[in-house]
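No hydrogens, no waters, no symmetry mates; every other heavy atom, side chains included, goes into these values.
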Amino acid sequence: MADSRTAADRASWIEKEFRSNVSPGMRNLAEALQLLCRCLLPGEPTKDAGKRLTQAKAALRIPCAESSLSRFLSGQTMPALAIVKSLHREASCDAGGEHLVAVTLDELKLLHKRAETERRCRGCAELAAEVDTLTLQLREAEAERAALQQEVGALSLLRDEVAVLRVAIEELEAVRAGLRVRPTARSSPGPLPVPRRRGDRQRMRRDLAAVRNLAEQAEKLDSDGRAGAALTLLRRSTEVLNPLETAGVVLLLREQQHDELADNLIHVYGRDQDDQDVLHVALALHEQGSPEDAGAMLQAALE
């Protein structure tokens, strides 16, 4: 029997190197299983003395797959308690009694329990880490979704503003088509004609009705918090309105207390339009009782 044990002790498959990821509990259990495997004999002492015990034969006696036994001994896989008991029973039988093996069954059960507890705790830690990772990914996805929703909302507002501006411009062009053509003096750099006051006032009353829709559109945009769109609409209106109509828009904006829009229109018109148009608007504003706006128009033209 001594010679058989010596042969078993020399079996290279029993000695396993432990990887760095093997936990202490699994390592202790695997080392105990290696001790039990050293007690196994290759066969009957009288027939197989001196023979080398193979891993395949040892696995058949437990019983389990050869590859599974290799993982049990290297601490890579947790064996079932029934496998552990079977190996201890076979080792005790070959050694001549339980008291002759290096580890008792109670000690083996305790090592198995500790390894199982440790494995569960490790699984919980890995699960918690995975949950944290998924939670972070979810938060990033929610932040991205919120940003996309904000962009969609902004695009929707822009589409609404474009639609409003398009309708307003179409209405202005339709109104402008029915109005009197601008004086030919606009296209010639000759002296500024000064219309009679009485005639200008009568014409202003007619033109105010034609541009009221423009002022209402600008006021609505400004009231809705779309001051930029309102200013764009007013800037585009200078392409289709004559000076008297522009003065009418300024007066209507002042009447509705949209002073910032009126100031912006005065600044843009005075800066961008030719001098004769600016003088016509300033004259109309002055004669309609708004000398401050007339002065601001002229000042904008000089800047």
Side-chain angles (χ1 to χ4, degrees), residues 1-43 48-144:
M1 180 179 297
D3 293 339
S4 299
R5 285 177 185 159
T6 302
D9 288 340
R10 290 198 299 268
S12 60
W13 59 266
I14 296 177
E15 299 293 338
K16 303 290 184 183
E17 293 185 1
F18 297 103
R19 298 179 181 177
S20 59
N21 62 345
V22 177
S23 64
M26 289 290 290
R27 184 186 184 98
N28 293 336
L29 177 61
E31 289 175 342
L33 297 179
Q34 290 179 15
L35 291 176
L36 293 177
C37 286
R38 292 193 183 97
C39 296
L40 296 177
L41 299 177
D48 301 317
K51 288 187 177 180
R52 185 173 180 271
L53 178 67
T54 64
Q55 184 172 264
K57 289 182 178 180
L60 288 175
R61 294 183 61 184
I62 295 178
C64 68
E66 181 182 355
S67 59
S68 297
L69 178 58
S70 177
R71 291 194 296 272
F72 297 156
L73 297 178
S74 62
Q76 294 298 311
T77 303
M78 180 72 183
L81 184 59
I83 296 293
V84 174
K85 290 180 178 179
S86 177
L87 177 57
H88 186 271
R89 182 171 59 252
E90 293 294 324
S92 298
C93 180
D94 286 2
E98 182 178 348
H99 63 285
L100 296 177
V101 296
V103 57
T104 67
L105 181 59
D106 289 339
E107 292 172 342
L108 202 59
K109 289 179 179 179
L110 181 59
L111 289 173
H112 184 276
K113 182 178 181 180
R114 289 175 178 174
E116 178 66 22
T117 301
E118 188 178 68
R119 185 173 69 90
R120 290 178 179 176
C121 292
R122 183 177 181 180
C124 292
E126 293 176 351
L127 181 60
E130 184 177 358
V131 169
D132 291 341
T133 300
L134 292 175
T135 300
L136 179 60
Q137 293 176 352
L138 178 60
R139 290 176 180 173
E140 292 176 351
E142 289 177 347
E144 184 177 357

Exercise. If you measure from OG on Ser92 to NZ on Lys85, what distance do you get to the nearest 0.5 Å?
Worked result: 13.5 Å
Exercise. Any side-chain heavy atom of Leu87 within less than 4.5 Å of one from Leu40?
Worked result: yes
Problem set entry | Gap between atom SG of Cys93 and atom CG of Leu100 - 0.5 Å precision | 11.5 Å
Problem set entry | Closest heavy-atom pair and its distance - Ala58, Trp13 | CB-CH2, 3.5 Å
Exercise. Do the non-hydrogen side-chain atoms of Phe18 and Glu31 ever get within less than 4.5 Å of each other?
Worked result: yes
Exercise. How long is the gap from CE on Met78 to CZ on Arg71, to the nearest 0.5 Å?
Worked result: 14.5 Å
Problem set entry | Distance (rounded to the nearest 0.5 Å) between Asn28 CG and Leu33 CG | 11.0 Å
Seminar exercise, completed: Closest non-hydrogen atoms of Leu29 and Ala115, given as atom of the first, atom of the second and distance, are CD2-CB, 4.2 Å
Seminar exercise, completed: What one should report as the nearest heavy-atom pair of Gln76 and Asn21 is NE2-OD1, 3.9 Å
Exercise. When you check the gap from the basic side-chain N to the acidic O, do Glu118 and Arg114 get nearer than 4.0 Å?
Worked result: no
Exercise. Does the distance from a Lys or Arg side-chain N to an Asp or Glu carboxylate O, for Glu116 and Lys113, drop under 4.0 Å?
Worked result: no
Exercise. Got Leu36 and Leu108 here, is their nearest side-chain heavy-atom distance under 4.5 Å?
Worked result: yes
Problem set entry | Donor-acceptor contact present, side-chain His112 to main-chain Pro79, <3.5 Å | yes
Seminar exercise, completed: What one should report as the nearest heavy-atom pair of Asp94 and Arg61 is OD2-NH1, 2.7 Å
Exercise. Any donor-acceptor pair under 3.5 Å linking the side chain of Gln34 with the backbone of Leu73?
Worked result: yes
Problem set entry | Contact summary for Cys64 and Ile83, nearest pair of heavy atoms | CB-CD1, 4.2 Å
Problem set entry | Heavy-atom pair of closest approach, residues Ser74 and Val22 | O-CG2, 3.8 Å
Exercise. Does Glu17 CD have over 12 foreign heavy atoms under 6.0 Å away?
Worked result: no
For this session: Say whether, by atom type as modelled, one donor and one acceptor occur between the side chain of His88 and the main chain of Asp106 under 3.5 angstrom.
Result: no
Exercise. Can you find a heavy atom in the side chain of Gln55 that is under 4.5 Å from one in the side chain of Ser70?
Worked result: yes
